[in-house]
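Here the structure is laid out as structure tokens; the discussion comes afterwards.
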Amino acid sequence: MTTLGATAIRAARRFASSLPALFGVLIFTFLLMRVLPGDPAVFFASGPNSGKEEIETIRKQMGLDKPVPQQLFLYLYDVGRGNLGRSLMTGQNVTKDLRERLPASLELTFSALLIALVLAIPLGVLAALKPGSLVDHGVRLFCALGVCVPTFVSGLLLIYIFYYLFGVSPDPTGRVDIFTTLPPAHTGFLLIDFALAGDFDGWWAAFKQLILPACTMALFVIAPLARITRASMLASLGSDFVRTARSVGLSWWRIIITYALRNAILPVITIAGIVFSTMLGANVLVEKVFSWPGVASYALDALLSSDYAPVQGFVLLMASVFVIVNLVVDVLYGIADPRISIG
Amino acid sequence: MTTPKPLLDIENLQVTFSTRRGPVEAVRGISLSLAEGETLGIVGESGSGKSVTGFAMTRLLDASGKIAGGRISFRDRDITKMTSASLREMHGSAMAMIFQNPRGALNPIRAIGQQIADAILAHRKISASEARAESLELLRAVKIRDPDKRMNAYPHELSGGMCQRVMIAMAISSNPALLIADEPTTGLDVTTQKVVMDLLASIAAERGMATILITHDLGLAARYCRRVVVMEQGRLVEEADALTLFRSPQHPYTKRLVAASPTATSRVQDLVTDDEKLLVPAVPLAPPPKPAHGTPPLLEVLDLVKRFDDGTVGVENFSMAIAPGESVGLVGESGSGKSTTSRMICRLLDQTEGTINFNGQSISHIPARDFHRAPQRREIQIVFQDPNDSLNPRFNAFDCIAHPLIRLLGMRNGAALRQRVGECAHRVGLPANLLERFPHQLSGGQKARIGIARAIACRPKLLVLDEPTAALDVSVQAVVLQLLDRLRREDNLAFLFVSHDLNVVRMMCQRTIVLRNGAIVEEGESHQLFDSPKTSYTRELVDAVPHIEMIAAEKMAAGA
């Protein structure tokens with residue numbers, strides 16, 4: 001199909017044009033880490049009383065005695081070969097650490113985005129159908145609350161209600177109960193892996209662990225999604241083609257879903273992409289509250305202990321995710337809107 | 001044919017809109033009736049309530065519009081009291097509507113075949129493939145070429161005229177008894193306009209549908225409708241047989257409207273009725289100055305070529321000359337290159353090849369980007385098409401007119417500037433107390449005057465007018481055209497008048513150039529060119545414009 005081909009070319013072009021930006025991010029983060037106060041060598045020496053020689057030795061081991069440009073060069077060389085360095089905190093390769101933790105973050109973020117979209121789109125549509133009505137105001141209030149309450153408060157609140165008061169949720173510590181046997185890791189997404197293994201008890205356990213943090217994150221992003229849905233739905237309900245649809249007597253559902261909503265969904269796709277990238281990196285608080293072994297809390301721990309390599313690796317990862325998400329949004333947009341692939 | 005009961009009967013219809021400034025009465029008690037298969041024209045200017053009446057008849061008013069009183073009975077059922085379910089049942093199957101701006105009226109992300117099938121499936125329980133076959137049939141009926149291929153096309157891939165055909169196909173898909181067309185051809189080229197209207201008329205006649213044509217164009221209504229009603233400010237002021245209305249209008253408003261509508265024989269000074277002439281300062285009508293032979297042309301264009309980056313040719317080998325004080329019309333359909341040409345001449349666009357000489361000096365070597373610094377910028381000024389979008393919304397009328405004086409003449413804020421702006425405003429008939437207002441506080445005609453005042457502020461020698469009245473009502477257009485003609489005579493201005501309206505060009509311009517696909521098809525003295533066109537294309541253009549003698553002849557032939 002020509003449209004698919006055009007979309008692929010456009011996506012490839014977009015990807016190529018974002019490579020310089022990725023490179024810039026790489027260098028910027030590297031320099032930023034050198035500028036920030038804190039010396040990893042001091043931090044990782046055996047104790048506060050360790051001697052100067054010991055610190056110097058560690059520094060030499062880490063290559064920190066070399067001049068900064070040389071360090072940068074070495075770093076770029078390593079990154080080029082796919083080696084993001086070794087974390088002093090975990091003693092493992094950063095690549096390995098991130099690969100273990102990224103699925104946890106992705107699974108959480110995807111679930112949260114899904115919940116948010118499933119709630120936000122109908123809410124936005126409802127609000128747009130009767131602007132100024134009680135429903136509209138109710139949706140607005142709900143959205144405002146979602147944005148106003150910080151995630152660590154709403155997270156703790158949810159834990160209090162569902163874990164402490166009602167006891168329906170498992171204790172909020174990580175992705176799965178420590179006694180549960182993990183399924184063979186195919187995707188790293190526990191829900192999918194459990195389903196693939198046919199272990200539905202395990203799936204249910206993982207689901208119960210996931211649902212509270214996912215809801216916490218979703219609450220925070222429902223507002224922008226619902227508001228943009230409402231605004232673009234209002235615009236498309238007032239458009240000429242919806243009037244045409246009414247003038248030929250299409251059914252209510254046809255008009256709302258096929259005519260109005262499909263057009264209104266286009267800006268929502270864009271916002272959803274932005275929301276997704278933001279959630280993935282910025283929701284360190286949710287990961288902390290629920291002891292979720294994700295990349296954001298990993299990066300925060302590394303930052304606090306001046307562990308250069310994981311932080312740099314994390315920022316590079318986020319930048320790449322951002323690029324990929326934008327690409328996906330672009331492709332989705334091209335599929336959803338036939339006018340795009342022409343231009 | 002005697003029909004005891006009319007198809008549609010409107011009694012004392014009133015429609016109000018709730019706005020921020022309180023309720024606005026859009027329709028103030030009109031009564032109409034329409035028989036089966038009849039054609040009725042509703043004519044009026046913007047704000048007359050003609051479209052609102054159409055939307056009220058189909059109950060498609062915006063949420064802010066309410067039918068405040070009256071009765072609309074359609075086949076003996078009162079539409080104003082129908083439930084939304086029975087309205088939905090009626091829409092499309094009993095009455096359907098065709099809208100202005102056909103491209104916007106179609107769903108941009110749904111294939112057109114699918115949209116027509118949607119309309120069919122809304123009223124009949126047939127399978128999707130049957131509906132598809134039927135939409136293909138409808139595309140054929142509205143004479144779309146390659147209907148099989150077009151089934152999967154999206155609106156943006158079709159021209160405006162094509163989109164309107166698709167809209168017609170949707171409207172007739174369930175054989176309604178009444179078809180309401182709201183400005184169906186506004187914004188389309190004259191030739192397209194004729195084709196679409198002919199198609200609409202023949203389909204309606206074939207299927208015995210009654211039609212209501214809502215339009216601002218008296219000529220169009222006269223040509224396609226047997227009976228015409230005229231609306232002004234929400235009221236019906238006159239109702240008559242189309243030809244009678246045109247030949248002997250009774251109501252003062254209708255008289256004004258008929259006078260203001262340019263026809264093949266009208267002159268600029270005839271555009272307003274006698275009672276109105278008293279309001280406008282008398283214009284000394286010297287005969288148009290004939291350019292003396294041997295005077296060098298003010299503007300000389302030689303072999304102008306414009307090729308766009310994607311390889312398409314915009315304009316090819318365009319040559320022309322304009323003498324000082326001469327007015328030259330440039331006509332053609334959309335895509336003919338008339339706007340491209342005019343933009344190159346007023347140096348808003350760079351040409352690919354060719355030379356443009358102004359007052360004996362070449363201006364074509366100055367890139368469009370730098371032309372604002374050239375001394376000739378003052379001499380060549382432009383009046384733009386859209387009076388709304390061509391004014392800075394943050395500038396009041398004074399600033400708009402003062403802007404070129406400050407930028408091009410280097411005048412400073414002060415008494416001299418104020419005096420000069422006041423003078424310009426006076427010349428275009430803009431009251432001084434309106435100078436403080438911002439564009440959104442002014443009417444379309446007033447904004448057009450500001451655009452003209454701005455253009456003449458630097459006392460140019462050549463005015464490039466790009467469809468200066470296309471967005472205006474006929475009565476406003478009449479006044480603006482008179483104003484332009486007076487200014488031209490007073491200042492010995494030369495005009496390059498770009499327009500798609502042949503009657504306007506015939507009136508305003510001594511010579512006319514017909515463009516097609518970027519090349520000159522024909523040129524010559526305006527009256528001669530329009531009265532006896534030499535090329536078939538010009539003849540086609542001229543024939544597409546409805547005029548009263550032709551309409552009378554046509555109606556006679558039809559046995560009316």
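Naming: A, B, ... by sequence-line order, numbering from 1 per chain.
- Atoms CZ and CG, on Arg246(A) and Leu87(B) in that order, are 9.5 Å from each other to the nearest 0.5 Å.
- With a 4.5 Å cut-off on non-hydrogen atoms, Thr258(A) touches chain B through its backbone and its side chain both.
- In this structure the side chain of Phe99(B) never reaches within 4.5 angstrom of the side chain of Asp240(A), judged on heavy atoms.
- What you find for Pro108(B) and Pro338(A) is that their closest heavy atoms are O-CG, 3.8 Å.
- Between Trp252(A) and Arg88(B) there is no side-chain heavy-atom pair separated by less than 4.5 Å.
- Counted within 6.0 Å of CG on Leu134(A), heavy atoms from surrounding residues, nucleotides or ligands total 12 or fewer; the atom is thus considered open.
- For residues 121-154 of chain B, heavy-atom neighbours of chain A at less than 4.5 Å comprise Ala122(B), His123(B), Tyr154(B), sorted by residue number.
- For chain A, no part of Met90(B) is nearby; none of its heavy atoms comes within less than 4.5 Å.
- For Arg59(B), the part sitting under 4.5 Å from any heavy atom of chain A is the backbone (N, CA, C, O) and nothing else.
- With a 4.5 angstrom heavy-atom cutoff, Ala336(A) touches chain B only via backbone atoms.
- For the options Ala96(B), Ala119(B), Ala63(B), heavy-atom pairs under 4.5 Å to chain A are most numerous at Ala119(B).
- Here the rule is side-chain contact (heavy atoms from CB on, under 4.5 Å) with Val248(A), and of Met170(B), His91(B), Gln115(B) only Met170(B) fits it.
- Most heavy-atom pairs under 4.5 Å with chain A: of the set Gly104(B), Gly92(B), Ser174(B), Ala105(B), this distinction falls to Ala105(B).
- In this structure, no portion of Ile172(B) lies under 4.5 Å from any heavy atom of chain A.
- A distance of 9.5 Å separates CD1 of Ile265(A) from CD1 of Ile109(B), quoted to the nearest 0.5 Å.
- Heavy atoms of Arg254(A) lying under 4.5 Å from chain B belong exclusively to its side chain.
- No part of Glu89(B) comes within reach of chain A, as not one of its non-hydrogen atoms sits under 4.5 angstrom from that chain.
- Scanning residues 72-85 of chain B against chain A with a 4.5 Å heavy-atom cutoff picks out nothing at all.
- Here the CG atom belonging to Asp182(B) is positioned 11.0 Å from the OG atom belonging to Ser247(A), to the nearest 0.5 angstrom.
- For Ser239(A), no part sits under 4.5 Å from any heavy atom of chain B, backbone or side chain.
- Side-chain contact check for Arg110(B) versus Tyr259(A): some heavy-atom pair is nearer than 4.5 Å.
- Between atom CG of residue Leu250(A) and atom CG of residue Asn107(B) there is a gap of 10.0 Å, rounded to the nearest 0.5 Å.
- Crowding of Tyr333(A) atom OH: a count of heavy atoms from other residues, nucleotides or ligands under 6.0 Å exceeding 12.
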